[in-house]
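Here the structure is a predicted model, which means the values were calculated and not measured. Quick note on labels: first sequence line is chain A, next is B, and so on, each numbered from 1.
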Amino acid sequence: MSKNYYITTPIYYPSAKPHMGHAYSSIVADFFARFKRIDGYNVFYLTGTDEHGLKIQKAAEGKNQDPLDFCNEISKTFKDLSETLNLSNTDFIRTTEKRHHKSVQNLWNILEKKGEIYLSKYSGWYSISDEAFYLEDDIEEKNGSKVAKLSGSSVEWIEEESYFFKLSKWEDKLLELYENNKKFILPKSRKNEVVSFVKSGLKDLSVSRKSFSWGIKVPTNNDHVIYVWLDALTNYMSALNYPDTKNSLYKNFWPADLHLIGKDILRFHAVYWPAFLLAADLPLPKRIYGHGWILSGDEKMSKSKGNILDPLEIINEYGLDPLRYYLLKEVSFGNDGNISKDKLISCINSDLANNFGNLCQRVLTFTEKNLSLTVPNKVNFLDDDLNILNNFSNNYDKLMDYIDNQNINSYMNFIVDQMFLANKYFNDQEPWKKKNDFKRLNTIIYTSLELIRKIAILLYPVIPYSSLKVLNIFNINEKKIKVDTIKNNQYLENGMKINKINILFNKVE
RNA sequence: GGCGGGGUAGCUCAGUUGGUUAGAGCGCGGGACUCAUAAGCCCGAGGUCAGUGGUUCGAUCCCACUUCCCGCUACCA
């Protein structure tokens with residue numbers, strides 16, 4: 001049986017240009033997608049844009065534009081970002097596409113037919129400027145009019161006809177799901193939040209709006225537009241040609257293995273989405289991972305603070321792979337992380353240039369001078385060689401486990417440890433003093449080349465461009481990369497001609 | 001307010017199912033080497049593991065309290 005893996009990013013809301021948070025989600029997802037591919041999986045990696053809703057409609061009106069034209073423009077910036085980030089996504093879905101409309105309306109019809117959706121009235125105190133409803137407790141009387149305590153903006157009583165989804169009905173089933181499937185929501189701290197939220201009681205969810213029109217129409221009542229989250233979440237199935245559940249994409253890839261999302265949209269994915277699917281009697285995704293935010297310094301990036309780090313600017317200045325490497329290694333995955341130029345530069349110089357880049361350089365130059373760029377023959381491993389080479393086979397299962405638990409940091413730590421050890425190995429073996437002992441010299445070089453190969457393979461999901469440059473030394477192209485070859489200590493063919501490379505990472509002064 | 005998470009070296013973070021000298025990277029000080037992007041390697045300085053009390057032969061790790069930080073507490077997404 002072939003192994004399949006389906007991973008998704010959130011679909012991004014294109015009310016403004018992409019920022020570091022979008023880049024982060026996408027890069028992390030790309031890391032897993034690429035890893036699974038070199039581990040022999042068929043991978044479907046989906047990203048896209050979520051284009052409906054009042055905000056978009058208003059933003060378009062503000063620019064005197066048709067909403068779709070407006071979305072076309074901004075969606076393209078997200079698509080461009082995918083290219084810039086070197087994402088290996090299989091598809092890019094937009095909720096304004098026909099295939100998605102069909103999919104959402106189908107899901108709606110099922111839910112309505114099953115009696116999971118009913119027509120009623122939504123009412124409450126609404127603040128137009130806050131775009132939010134408030135509870136009785138959250139408003140107060142001021143100068144004779146009702147205002148929201150938090151914002152002080154005036155509220156009015158609004159009643160609107162709306163369809164409701166019977167969310168309350170699924171409370172126990174959801175709790176059961178979280179209980180039986182301990183890793184359905186990760187990290188654990190976020191799971192606790194969701195559980196306590198559901199335990200506190202679920203109310204039925206309003207899933208249609210009459211107050212604006214930019215969205216997918218309720219099939220049985222065109223006065224209503226389907227609630228953006230019911231719309232948006234369904235994208236994960238639309239891309240697999242749902243409602244055609246017989247086609248190979250759907251059959252191979254649904255349910256998703258991993259919905260990777262930011263912590264701010266956890267509830268929609270961990271509560272509403274499984275409830276919709278349960279109600280429609282469809283299989284549930286296997287895992288929801290809510291990652292943290294990328295902060296600038298210690299603060300949330302914001303225009304007023306002037307501390308926004310635009311991913312495109314960073315990439316222009318320092319390159320893509322350094323950014324990818326930084327986000328994956330330096331951010332404690334699951335928690336909020338920091339990025340600053342100083343930290344990025346320090347990371348580039350010490351890890352990429354001085355450590356790994358220089359390792360490649362010293363070994364290759366040495367091979368050039370002493371073996372005319374060929375893989376040595378007559379290799380005879382001693383314990384010193386095997387000790388370090390075997391780290392990869394000895395820790396192989398652990399590495400797989402890290403990936404399956406989204407333990408990116410342990411994975412990265414392993415790589416960094418091997419970089420240090422490889423440099424130390426080369427240092428301790430002092431091949432420059434072994435010019436009279438060819439057998440030993442050859443073995444040291446062979447071992448060093450193997451170490452570079454193994455490290456580069458593990459780095460492929462992290463920094464694909466740079467990894468491929470390194471692997472090209474050994475004529476290993478992208479299609480030939482298989483992660484399990486890191487268990488092989490003699491993958492490199494004796495006598496094979498190898499290719500020189502330029503400086504891999506330039507230091508930033 | 002309620003529920004949850006957290007406060008570990010100058011900085012960013014690991015870790016301990018309780019057990020002799022608490023870890024890594026970066027930064028800092030010193031040393032030996034020279035294949036290499038003056039990179040790499042070795043050695044070192046630096047922590048009352050937030051505070052107080054308790055359980056225990058023994059707590060950074062368990063319990064209680066105190067204090068500080070953060071998240072969630074539903075229909076903007």
Taking atom C1' in both B:G25 and B:A14, compute the distance separating them and give it to the nearest angstrom.
10 Å

Has A:S200 got a side-chain atom pairing as donor or acceptor with A:F197's backbone, closer than 3.5 angstrom?
yes

Between A:W229 and A:Y272, ring centroids under 6.0 Å:
no

Determine whether the aromatic ring centres of A:F31 and A:Y411 lie less than 6.0 Å apart.
yes

When rounded to whole Å, the CG to P distance for the pair A:D336 and B:C69 reads 17 Å

Short side-chain N/O contact from A:N335 to OP1 or OP2 of B:A14, under 4.0 Å
yes

Taking NZ, NE, NH1 and NH2 as the nitrogens, is one of them in A:K121 or A:E160 under 4.0 Å from a carboxylate oxygen of the other?
no

Return the set of residues passing side chain to side chain contact (heavy atoms under 4.5 Å, CB included) with A:D384 (not counting sequence neighbours), or none when no residue passes.
A:Q429, A:R440

Under a 4.0 Å threshold between the charged nitrogen and the carboxylate oxygen, would A:K341 count as salt-bridged to A:E317?
yes

Rounding to the closest angstrom, what is the interatomic distance between B:U60 and B:G19 at atom C1'?
13 Å

Would you measure the distance from the C1' atom in B:G4 across to the matching atom in B:A45 and give it in whole Å?
39 Å

Among the nucleotides B:C72, B:G4, B:C13, whichever has the atom closest to the side chain of A:E193 is B:C72

Classify A:I503 by what it touches in the nucleic acid, base, sugar-phosphate, or nothing, heavy-atom distance under 4.0 Å.
base

Mind checking the C1' distance from B:U34 to B:C70? Whole angstroms is fine.
50 Å

Pair A:K343 + A:E330, salt bridge at N-O below 4.0 Å:
no

Using the C1' atom as the reference point in each nucleotide, state the distance between B:G46 and B:G5 in Å, no decimals.
29 Å

Could you work out which one of B:G5, B:A74, B:A77 sits closest to the side chain of A:Y227?
B:A77

Considering only heavy side-chain atoms of A:F268, the closest of B:A77, B:G4, B:U12 is B:A77

How does RNA chain B look in dot-bracket form if you count Watson-Crick and G-U pairs under 3.5 Å, write [ ] for pairs that cross, and put | where a base pairs with another strand?
(((((((..((((.....[...)))).((((.........)))).....(((((..]....))))))))))))....

Heavy atoms from C-beta onward define the side chain here; which of B:C76, B:C72, B:A74 lies closest to that of A:L167?
B:A74

Would you classify A:G292 as touching base, sugar-phosphate or nothing, given that sugar-phosphate means primed atoms plus P, OP1 and OP2, and contacts are heavy atoms under 4.0 Å?
nothing

For A:H269, give me all partners under side chain to side chain donor-acceptor pair (under 3.5 Å), at least two apart in sequence or on another chain.
A:Y236

Taking the C1' atom in each of B:G6 and B:C42, what is the distance between them to the nearest angstrom?
37 Å

I need the CD-P distance between A:E51 and B:C76, as an integer number of Å.
21 Å

Is any side-chain heavy atom of A:V104 closer than 4.5 Å to a side-chain heavy atom of A:I226?
yes

Checking the side chain of A:S467 only, and the main-chain atoms of A:A456 only, is there a donor and an acceptor separated by less than 3.5 Å?
yes

Does one side chain, of A:S162 or A:S206, offer a donor that lies under 3.5 Å from an acceptor on the other?
yes

Residue whose closest nucleotide on RNA chain B lies nearer the 5' end, A:F420 versus A:S332:
A:S332

Using a cut-off of strictly less than 4.0 Å between a heavy atom of the residue and any atom of RNA chain B, enumerate the qualifying residues of residues 345-373 of chain A by number.
A:S346, A:S350, A:A353, A:N354, A:G357, A:N358, A:Q361, A:R362, A:T365, A:F366, A:K369

Look at A:R94 together with A:E97 and state whether they make a salt bridge at an N to O cut-off of under 4.0 Å.
no

Does the pair A:F414 and A:F392 meet the rule for a ring pair (Phe, Tyr, Trp, His ring centres under 6.0 Å), with working shown?
CA-CA 9 Å; A:F414 177 82; A:F392 294 82; 5.7 Å; yes

If I pick the P atom on B:G23 and the same atom on B:U17, what distance separates them, to the nearest angstrom?
15 Å

Among the candidates B:A77, B:C75, B:G40, find the nucleotide nearest to the side-chain atoms of A:Y122.
B:C75

Among B:C76, B:C35, B:C75, which nucleotide has an atom closest to any side-chain atom of A:F426?
B:C35

Closer than 4.0 Å, any side-chain N/O of A:K507 to the OP1 or OP2 of B:A39?
yes

If we take the P atom in both B:G7 and B:G44, what is their distance in whole Å?
28 Å

At under 4.0 Å between heavy atoms, what does A:V228 touch on the DNA or RNA strands: base, sugar-phosphate, or nothing?
sugar-phosphate

Could you pull out all donor-acceptor pairs under 3.5 Å where a side-chain atom in residues 164-174 of chain A meets a protein atom, sequence neighbours excluded?
| unit_1 | atom_1 | unit_2 | atom_2 | d |
| --- | --- | --- | --- | --- |
| A:K166 | NZ | A:G115 | O | 3.0 |
| A:S168 | OG | A:D204 | OD1 | 2.7 |
| A:K169 | NZ | A:E116 | OE1 | 3.4 |
| A:K169 | NZ | A:E116 | OE2 | 2.6 |
| A:W170 | NE1 | A:E116 | OE1 | 3.3 |
| A:E171 | OE1 | A:L202 | N | 3.1 |

How many whole angstroms separate atom OH of A:Y178 from atom C1' of B:G4?
16 Å

Side chain A:K424 and base B:C41 donor-acceptor under 3.5 Å
no

5'-most contact on RNA chain B (nearest-nucleotide basis), A:N413 vs A:Y272, goes to A:N413

Hey, can you pull the residues of residues 432-445 of chain A with a non-hydrogen atom under 4.0 angstrom from RNA chain B?
A:W432

